[in-house]
Amino acid sequence: MNILHYNNTSQSFKTFKQKAQAETPDLIHIHGCWSWKAWRVMLWCRSHLKPVVISPEKQLMPWHVLYRYWLCKLPKLLIFQRWMIKNAHAIVAVTEQEQQHLLSIGLYPSAHYEESWNDRVVLIPDFQTCNNYTKEDMNALYMALYQKVLDSHSFMVMSEDDKLAESTLLRLGLSQDHDSQRVMLEEAERVRLLSPDSWRKILLHAEEEGILQEIRQGASLLQIAPQAITGIERFPMRGKKNNLPLLTDKALLKPHLLKEYSDEKHADTTDIFVCKVILNFIHELQKGTLSRRHVADLYNAIRFNDYNEKKITQILELLKERKKAARLLQIIHETLGLEEGFIPMDLVNDRGTWKIKKILNKANIQ
């Protein structure tokens with residue numbers, strides 16, 4: 001575990017960037033919160049997918065906030081401070097009083113919100129102010145917190161090899177015939193080289209994304225028995241991600257038009273099924289609830305169904321979703337190795353495809 005500490009009173013942003021590029025830390029711990037430099041560090045961490053822990057060091061307590069409130073603190077709260085607190089992956093309080101305040105903090109010290117800006121406020125007292133509590137005890141609590149943050153955001157600390165190995169395991173776990181298994185077994189050498197730490201990250205991420213069963217199935221085909229991930233302490237997932245399988249009994253996007261055009265094109269049941277999967281995938285993407293479970297479902301629908309490619313393309317064209325579908329298939333072709341012989345339409349790799357990749361990356365999918 002490689003942790004980089006940043007103190008905005010003693011370090012410049014340039015120095016921080018040099019250290020971060022040299023040490024490639026797993027997590028950044030920012031001490032202090034009112035400096036513009038701390039905001040720049042937070043922005044850097046967000047763009048580089050690095051988890052952040054913030055220690056306000058009592059600087060958000062009422063007596064500190066009220067000092068030069070109107071000219072200094074309020075503008076900073078509105079511009080960046082509230083955003084930093086909301087987006088931190090954990091916040092450290094050194095007293096129970098500070099912890100309770102951070103859980104109900106508002107823009108003005110006497111104004112409290114019922115809903116916390118960030119409910120991940122962890123109490124770690126300073127060993128110098130507590131009896132029967134040593135520096136080693138404090139450090140142990142910090143290390144436990146860092147591990148909990150990393151386990152809660154495993155995708156952020158996965159290496160490129162880990163991500164490739166996860167894709168190989170997923171594709172192998174989804175395989176339904178010996179030919180597809182044989183091709184993937186040739187690519188599986190990287191999986192055999194995974195460390196226990198890499199397996200931990202992959203399995204935790206797979207559980208979050210709803211693909212744990214497929215990952216374990218892929219490992220089983222390689223005769224690998226990965227470690228169990230039960231009993232690992234993590235923060236609750238943020239956001240509204242849906243890691244349940246895609247609906248296939250109805251289309252969530254343009255259902256009436258799909259029925260009209262599928263009847264017009266005399267599409268059979270399988271054609272309609274594949275169109276529904278594609279439309280529901282696009283629906284989840286637009287809602288911001290997409291997970292890798294849905295990527296796996298789309299791969300399965302395209303790879304292992306016998307459908308009329310021309311009719312599917314025509315229906316999606318009439319629904320004005322063909323180009324978006326082609327972009328999605330381009331991404332699945334790249335990440336899960338969907339073979340060209342199983343792709344029902346010409347792929348599209350343009351700026352729109354790049355934007356979808358960016359969305360998937362920010363959503364910790366791939």
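As the structure is a prediction and not an experimental result, all values here were calculated from the model. When reading the values below, keep in mind they use all heavy atoms of this one structure, side chains included, and skip hydrogens, waters and symmetry mates.
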Within residues 204-233 or reaching into it, pairs that qualify as ring pair (Phe, Tyr, Trp, His ring centres under 6.0 Å) - sequence neighbours excluded: F155-H205
Could you give all pairs that pass the side-chain hydrogen bond (donor to acceptor under 3.5 Å, both in side chains) test and reach residues 243-256, with sequence neighbours left out? K254-E321
Do I302 and I278 have side-chain heavy atoms sitting under 4.5 Å apart? yes
Compile the donor-acceptor pairs under 3.5 Å between side chains in residues 85-94 and protein atoms, sequence neighbours left out, one pair per line.
from	atom 1	to	atom 2	distance (Å)
N87	OD1	R46	NH1	3.2
N87	ND2	W83	O	2.8
H89	ND1	V52	N	2.8

Given side chains that start at C-beta, do those of Q213 and Q217 come closer than 4.5 Å, heavy atoms only? no
Looking at side-chain heavy atoms only, is the closest gap between N139 and T134 below 4.5 Å? no
Sorted by chain and residue number, the ring-ring contact (aromatic ring centres under 6.0 Å, His included) partners of F16 (sequence neighbours excluded) come out as Y6, W44
The criterion is side chain to side chain donor-acceptor pair (under 3.5 Å); which residues satisfy it with D268, sequence neighbours excluded? none
So, do W36 and F13 have ring centers that fall under 6.0 Å from each other? no
side-chain contact (heavy atoms from CB on, under 4.5 Å) assessment of W199 paired with I229: CA-CA 10 Å; W199 272 111; I229 55 170; over 6 Å; no
Answer yes or no: does atom CZ of R216 have more than 12 heavy-atom neighbours from other residues, nucleotides or ligands under 6.0 Å? yes
Quick one: are I105 and H101 in side-chain contact, heavy atoms under 4.5 Å? yes
Restricting to pairs with a member in residues 66-84, which pass salt bridge (charged side-chain N to carboxylate O under 4.0 Å, His left out), not counting sequence neighbours? none
Give me the other members of the hydrophobic cluster that L247 sits in, counting Ile, Leu, Val, Met, Phe, Trp and Tyr linked by side-chain heavy atoms under 4.5 Å, directly or via other members. L252
Quick check: do F342 and L338 have side-chain heavy atoms less than 4.5 Å from each other? yes
Could I get the full list of side chain to side chain donor-acceptor pair (under 3.5 Å) partners for K241, not counting sequence neighbours? E209
What pairs with R120 under salt bridge (charged side-chain N to carboxylate O under 4.0 Å, His left out), at least two apart in sequence or on another chain? none
Could you please spell out the steps behind the ring-ring contact (aromatic ring centres under 6.0 Å, His included) verdict for Y307 and F273? CA-CA 9 Å; Y307 48 82; F273 167 79; 9.6 Å; no
How would you list, by chain and number, every residue that makes a side chain to side chain donor-acceptor pair (under 3.5 Å) with Y146, sequence neighbours excluded? H29
Residues two or more places apart in sequence or in another chain: which of them pass side chain to side chain donor-acceptor pair (under 3.5 Å) with T313? none
Go through the structure and list residues passing salt bridge (charged side-chain N to carboxylate O under 4.0 Å, His left out) with E334, not counting sequence neighbours. K357
Within a strict 4.5 Å, meaning less than it, do heavy atoms of the D151 and E233 side chains meet? no
